[in-house]
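Worksheet: the structure to be examined is printed underneath.
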Amino acid sequence: MSRNVETDREALVAAARAVRDNAHAPYSRFKVGAAVLDERGRIHAGANVENAAYPQGWCAETSALAALVAAGGKRVLAVAVCAVAEAPVTPCGGCRQKLREFAADDCPVWAADLGGLRATHTLGELLPCSFGPHHLAP
Ligand code: THU
């Protein structure tokens, strides 16, 4: 039976919120936390990591995906992002593509702030007609 990821939403949003505190964002001061749910129900979290050589920084979603891969995770079933901004913060274009490597079009992407959930999308909505691993399949 496939997992009902809705039951993991609160835990995923909480993980994204908690890891956001550890963001290394001294240049933009825009702290972001992200959490991804893997196929075994495990949560992997990551924060943005900026660099004095500005282009060398990377996003919270990228950190969360690296944690998933390091732990042996293979699939992303749901994503939560936590940041503080006027509009709900969704993954940047590059991170949408990185998520696409591990997630299907119907994967929920939950955008939260410190008060909780603000917006829900699917990855397919955020990255329609995407290029993905299936294009390279023989
Ligand atoms: N950032 C993320 O970590 N994730 C997003 O979804 C949007 C942007 C980071 C990159 C940079 O460190 C800071 O936010 C400002 O762009």
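Counting starts at 1 for both ligands and their atoms, following the listed order. Below, all heavy atoms of this structure are taken into account, side chains as well, without hydrogens, waters or symmetry copies.
Looking only at heavy atoms of the protein, atom 7 (C) of ligand 1 is closest to Val89 CG1, 4.4 Å. Given atom 12 (O) of ligand 1, the protein heavy atom at minimum distance is Glu50 OE2, 2.5 Å. From the protein, the heavy atom lying nearest to atom 4 (N) of ligand 1 is Glu61 OE1, 2.9 Å. Summary of contacts: the protein heavy atom closest to atom 16 (O) of ligand 1 is Phe30 CD2, 4.7 Å. When hydrogens are left out, the protein atom nearest atom 9 (C) of ligand 1 is Asn48 ND2, 3.5 Å; that is the closest non-hydrogen contact.
Against a heavy-atom cut-off of under 4.0 Å, Thr90 is close to the following atoms of ligand 1: 6 (O). Which parts of ligand 1 touch Cys92 is read off a 4.0 Å heavy-atom cut-off, strictly below it: atoms 6 (O). For ligand 1, the atoms sitting less than 4.0 Å from at least one non-hydrogen atom of Ala60 are 2 (C), 3 (O), numbered in the order shown with element in parentheses.
Residues Leu123 and Phe102 share a single hydrophobic cluster, defined by chaining ILVMFWY side chains whose heavy atoms lie under 4.5 Å apart. Cluster membership for Leu37 and Leu117, using ILVMFWY side-chain heavy atoms within less than 4.5 angstrom, is shared. Residues Ile43 and Val19 fall into different hydrophobic clusters, defined by Ile, Leu, Val, Met, Phe, Trp and Tyr side chains chained together at heavy-atom separations under 4.5 Å.
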Name every donor-acceptor pair, under 3.5 Å, that has one atom in a side chain of residues 60-72 and the other anywhere in the protein, sequence neighbours excluded.
residue : atom : partner : partner atom : Å
Ser63   : OG   : Ala47   : O            : 2.7
Ser63   : OG   : Trp58   : NE1          : 2.8

I'd like a table of donor-acceptor pairs (distance under 3.5 Å, sequence neighbours excluded) in which one partner is a side-chain atom from residues 104-116, with atom names and distances.
residue : atom : partner : partner atom : Å
Asp113  : OD1  : Gly115  : N            : 2.9
Asp113  : OD1  : Gly116  : N            : 3.4

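At least one heavy atom of Pro91 sits under 4.0 Å from some atom of ligand 1.
The shortest side-chain heavy-atom distance between Gln97 and Leu127 falls under the 4.5 Å cut-off.
For Cys59, no nitrogen or oxygen atom sits less than 3.5 Å from a nitrogen or oxygen atom of ligand 1, counting backbone and side chain alike. Below 3.5 Å of separation, one finds no N or O of Ser28 facing any N or O of ligand 1.
For the residue pair Arg96 / Ser130, no side-chain donor-acceptor distance below 3.5 Å is found, with atom types taken as modelled. The closest side-chain donor-acceptor pair between Asn48 and His24, if any, does not fall under 3.5 angstrom.
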